[in-house]
Amino acid sequence: ARPPRRAASASVHVRSSALPPSLSKSAAAYLSSAPSGGAHVLPDLPYDYSALEPAVSAETMELHHSKHHNTYVTNLNASLEKLDAAASAGDASAIIGLQGALKFNGGGHVNHSLFWENLCAKGSSEAPTSGPLKEAIDARFGDFEAMKKEVSAMTVGVQGSGWGWLGFDAKTGRIEAATCPNQDPLHATTGLVPLLGIDVWEHAYYVDYRNVRPNYVNAIWDVVDWSKVEERLVAAAAK
Amino acid sequence: MNPQKLPLSALFASAAFASAASLELPQLPYGYDALEPVISQKTLMTHHTKHHAKYVNTANQLIESGDAALKDLSQEQIMTFYQDNIGLFNNVAQSWNHNFYWHCMKPGGGGEPQGKLADKITHDFGSFGNFMDEMESAALTAFGSGWAWLGYYQDEQKLVVVKTTGAGNPITDGIVPILTIDVWEHAYYLDYQEKRKAYVNAFFDKLVDWEFAEMNYAAFATGKEEL
């Protein structure tokens, strides 16, 4: 049985302008009353480390989940503790100073939580042939293959570390292709609701594909969980 | 731009640093297996023949198809004046950065710098240990792909540690590169996986070529720096 899904919708709201004392007290109260005492947790994968082979090896999955994602969670929690202290003290300068670490580690946690959930074993999910996701893909890209081609090209083209995304634009009601650098989270950065993420940090593929990012991006489509992508689209469109 | 700062290429002893018109993949200063076991042959081959080579090839294509003026500029000039042209900057800078990085390592490297550079490090950082703390911190806190540098900030005549992201090179801030370490994941992932700290420590313990760094410093220090 799949373990309960957690953390996929974890989000961190941080204000970067000065907090008046009354607000800083309530921010601290929020942080300490948050789930798990304010601490984020590494979510369990919905499958074994070997489930995504051959697209992604068990070795990569274990490193990626238990090392990289875990570090983001640990460092996010540490940054939030510092934020709590800074907020309680009404120290705007310290709050602002934490932005980089919060975006990086918070984004890392959010992104990877989304990522694990939009992947599944090869053959256990098929590209949609009807329904809202297919309609949205066709409306924006023409057809599924065209969408794959465009998203792949953009994702392969990310300079350095970053992510490729399919996202939902609530303003237009359409889906869009996007990329973000480093661990910048899609929604906070662009306003698009994340539907499908593809990690192209080198750690996501280097063991299996070395420098050949295009082969990895090509292969990852085999292990996308389309039902999850559609579930996210339906939820986003309903708001 | 202060003409004394450019071109760096004229001042590096290695013939591998050249102008953009003849951008070539330079040979490594050592064999692919020379840095084992600290950096494996597999990593060096992939890093040099795939990553570095691609940057050089792409840079050449962009120079060929770009402004005619590009062909008369040095790599450093392109990096300085074409920062807004992301593709051109990234590929020329990464070609330069990797060439520089290979020279920052040698088999049987490590230890500490000597002579004027050693004195200047002690003067500007307090101690070599303090400098290493800053350097390690920079190497470990680059958010994503990047580089950590020891550089010489000419305006203030002092050594600085800086980190850059992606293809960034400190010469665009008027800082002369003295030494660098590549912390893009491709530089260490096959050998160290996520353990970037182990790679950085091993680089400084076993590979760093301080003579190259001393030579770079000597090329730019006027000898009149306050000590």
*In this structure, are over 12 heavy atoms from other groups packed under 6.0 Å from A:Lys103 atom NZ?*
no
*Approximate separation, where rounding is to 0.5 Å, of B:Lys195 NZ and A:Leu63 CG*: 7.0 Å
*Give a yes-or-no answer on whether the side chains of A:His68 and B:Glu194 include a donor-acceptor pair shorter than 3.5 Å.*
no
*How would you list, by chain and number, every residue that makes a side chain to side chain contact (heavy atoms under 4.5 Å, CB included) with B:Ile86, sequence neighbours excluded?*
B:Asn90
*Taking side chain to side chain donor-acceptor pair (under 3.5 Å) as the test, write out the residues that go with B:Thr165, two or more places apart.*
none
*Between B:Lys50, B:Gln94, B:His186, which has the largest tally of heavy atom pairs under 4.5 Å with chain A?*
B:His186
*What are the two closest non-hydrogen atoms of A:Ser161 and B:Ser145, and how far apart are they?*
OG-OG, 2.6 Å
*Measure distances from B:Phe143 to the heavy atoms of chain A and classify the residue's part below 4.5 Å as side chain, backbone, both or neither.*
both
*Determine, stepwise, if the pair A:Arg210 / B:Leu190 fulfils side chain to side chain contact (heavy atoms under 4.5 Å, CB included).*
CA-CA 8 Å; A:Arg210 297 203 205 167; B:Leu190 295 178; 4.1 Å; yes
*Parallel, tilted or perpendicular: which fits the ring planes of A:Tyr206 and B:His51, with parallel below 30° and perpendicular above 60°?*
parallel
*asked:* I'd like to know whether NZ of B:Lys54 has more than 12 heavy-atom contacts from other residues, nucleotides or ligands below 6.0 angstrom.
replied: no
List the atom pairs, with distances to 0.1 Å, where a side-chain N or O of residues 35-43 of chain B and a protein N or O form a donor-acceptor pair under 3.5 Å, not counting sequence neighbours.
| unit_1 | atom_1 | unit_2 | atom_2 | d |
| --- | --- | --- | --- | --- |
| B:Glu36 | OE2 | B:Gln41 | N | 2.9 |
| B:Ser40 | OG | B:Thr43 | N | 3.1 |
| B:Ser40 | OG | B:Thr43 | OG1 | 3.1 |
| B:Ser40 | OG | B:Asp191 | OD1 | 2.7 |
| B:Ser40 | OG | B:Asp191 | OD2 | 3.3 |
| B:Thr43 | OG1 | B:Asp191 | OD1 | 3.4 |
| B:Thr43 | OG1 | B:Asp191 | OD2 | 2.9 |

*Do any of residues 178-200 of chain A have a heavy atom less than 4.5 Å from a heavy atom of chain B, and if so, which, in residue order?*
A:Asn182
